[in-house]
Protein chains: 2
Amino acid sequence: MNQQSNRKKDILTAALSCFTDMGIAATSIDDIRLKSGASIGSIYHHFSNKEGLATALFREGLEGYRQGLIDVLSEAQSGEVLVKGAVDFHVEWALAHPDKVRFMLYAKREMSVLADDAVVREETGDFLSRVKALFTPFIIKGEIRQFPKELYIPLLSGPSQELIRIWLSHPKVIDLKGMKPYLAEAAWNALRPSS
Amino acid sequence: MNQQSNRKKDILTAALSCFTDMGIAATSIDDIRLKSGASIGSIYHHFSNKEGLATALFREGLEGYRQGLIDVLSEAQSGEVLVKGAVDFHVEWALAHPDKVRFMLYAKREMSVLADDAVVREETGDFLSRVKALFTPFIIKGEIRQFPKELYIPLLSGPSQELIRIWLSHPKVIDLKGMKPYLAEAAWNALRPSS
DNA sequence: TATAATTCTAGAATAATATTCTAATTTCAA
DNA sequence: TTGAAATTAGAATATTATTCTAGAATTATA
């Protein structure tokens, strides 16, 4: 039970590493076999195929990010702390897991168009509901401005997300950590009441 | 000379359509052959391989977007018009070319890690220089706030970009066009002096 | 206009790679 | 201890990308 889990995790780790280095299309199952030490049969036992492997990685990353964000948001006592805390977490997560971010950002939809969207959609729906529940009280209290609901995520994380994207391409040039205060301030300015 | 160009364009069009419908990984050269009417030999005559085809599509899209943006920015007479015009163009371009946007957003880095980055980087550098030249006078005049230079693009287009991303996944649910005023206002608030 | 050179097209032949399949081996519960 | 289930292995097969050779179309040159 332990050996098995490790083997599965080894495959995921090797795959993420290969995907990061060479891109999904360019990494062969054999590359993953060599790097993970698993056999072809073992890889196909644990994952349906290359796409299934990519999907598993994607979901694993998403799950970690979402759980962390919910934890941070749950503790906020004011609208400002909520918003700035979310931005801070977002950037810190990227700094801590650059490979996962790169993979999730660039490799996602590539693999197939719908995949198992049933499950992914449900998880996404749950996540959005939970985030909404954490924002709502502050909107009602007037600490956060009211917007059409689809705008909250773009206003909150859009600039951070865009800077992270640039940072992934030019890690040496961009001081992502140093930009955190600006990003937090910008998000708060966009979401605070009036102006 | 005319027949040839058409053939090449037909291949690009068919490829974009296949990539949009099934994803890059899942479309075979044979799919592109069938949809374009070109032979395998012809496809490989015009493009080095599947990745080269994707790269050509990516560059074509980028070129169109960039040229259009430069045109819009060049006419702006004030900081506010510059910023809001840029956001407006960005969103309108997505509305007009959803397939290209989807492709560029999701399919890009997938294909290979560096590809012909020499050329792409140079083009990107030129583009950024030109954009910078259009912003600078307004920053000097004090109509646009001074920031670390890597922040302008995220603050300007981050929220729009993020909403577009969501819109591509849920086109029926999101009223992208209707959100334009909010996005323009948010960008202007982020970039205008003081607050 | 004739003809050489170049570009383009075609599809069969080949190479690379993904996936399946059968047979062990290991793990775990009874 | 034993048998069922899970896991591993790698050879066999299927799929797909790419190359190659030959011929058709176009363009340039005389």
Round to the nearest Å and state the distance from [X] atom [atom1] to [N] atom [atom2].
X: B:Arg33; N: C:dG11; atom1: CZ; atom2: P; value: 8 Å
X: A:Asp31; N: C:dA18; atom1: CG; atom2: C1'; value: 12 Å
X: B:Ile43; N: D:dT16; atom1: CD1; atom2: C1'; value: 13 Å
X: A:Lys8; N: C:dT27; atom1: NZ; atom2: P; value: 18 Å
X: B:Lys50; N: C:dA15; atom1: NZ; atom2: P; value: 21 Å
X: A:Asn6; N: D:dT7; atom1: CG; atom2: C1'; value: 14 Å
X: A:Asn49; N: C:dT17; atom1: CG; atom2: C1'; value: 13 Å
X: B:Ile29; N: C:dA10; atom1: CD1; atom2: P; value: 15 Å

Any side-chain N or O of [X] below 4.0 angstrom from OP1/OP2 of [N]?
X: A:Arg7; N: D:dA9; value: yes
X: B:Ser39; N: C:dT9; value: no
X: B:His46; N: C:dT9; value: yes
X: B:His45; N: C:dT9; value: no

Flag the pair [X] / [Y] as yes when at least one side-chain heavy-atom distance between them is below 4.5 Å, and no otherwise.
X: A:Asp88; Y: A:Glu92; answer: yes
X: A:Tyr182; Y: B:Leu155; answer: no
X: A:Lys100; Y: A:Leu16; answer: yes

(request) Measure from the side-chain heavy atoms of B:Ile40 and tell me the nearest of D:dA17, C:dG11, C:dT19. (result)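 The answer is C:dG11, which lies nearest to the side chain.
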(request) Could you pick out which residue, A:Gly41 or A:Ser28, lies toward the 5' side of DNA chain C when each is mapped onto its nearest nucleotide? (result)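 Per heavy-atom nearest nucleotide, the more 5' residue is A:Ser28.
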(request) Check the side chains of B:Thr124 and B:Arg66 for a donor-acceptor pair under 3.5 angstrom, ignoring hydrogens and angles. (result)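 Indeed, the side chains of B:Arg66 and B:Thr124 share at least one donor-acceptor pair under 3.5 Å.
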(request) Decide if atom NZ of A:Lys141 counts as having more than 12 heavy atoms of other residues, nucleotides or ligands within a radius under 6.0 Å. (result)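 Counting neighbours around NZ of A:Lys141, more than 12 heavy atoms of other residues, nucleotides or ligands fall under 6.0 Å, so yes.
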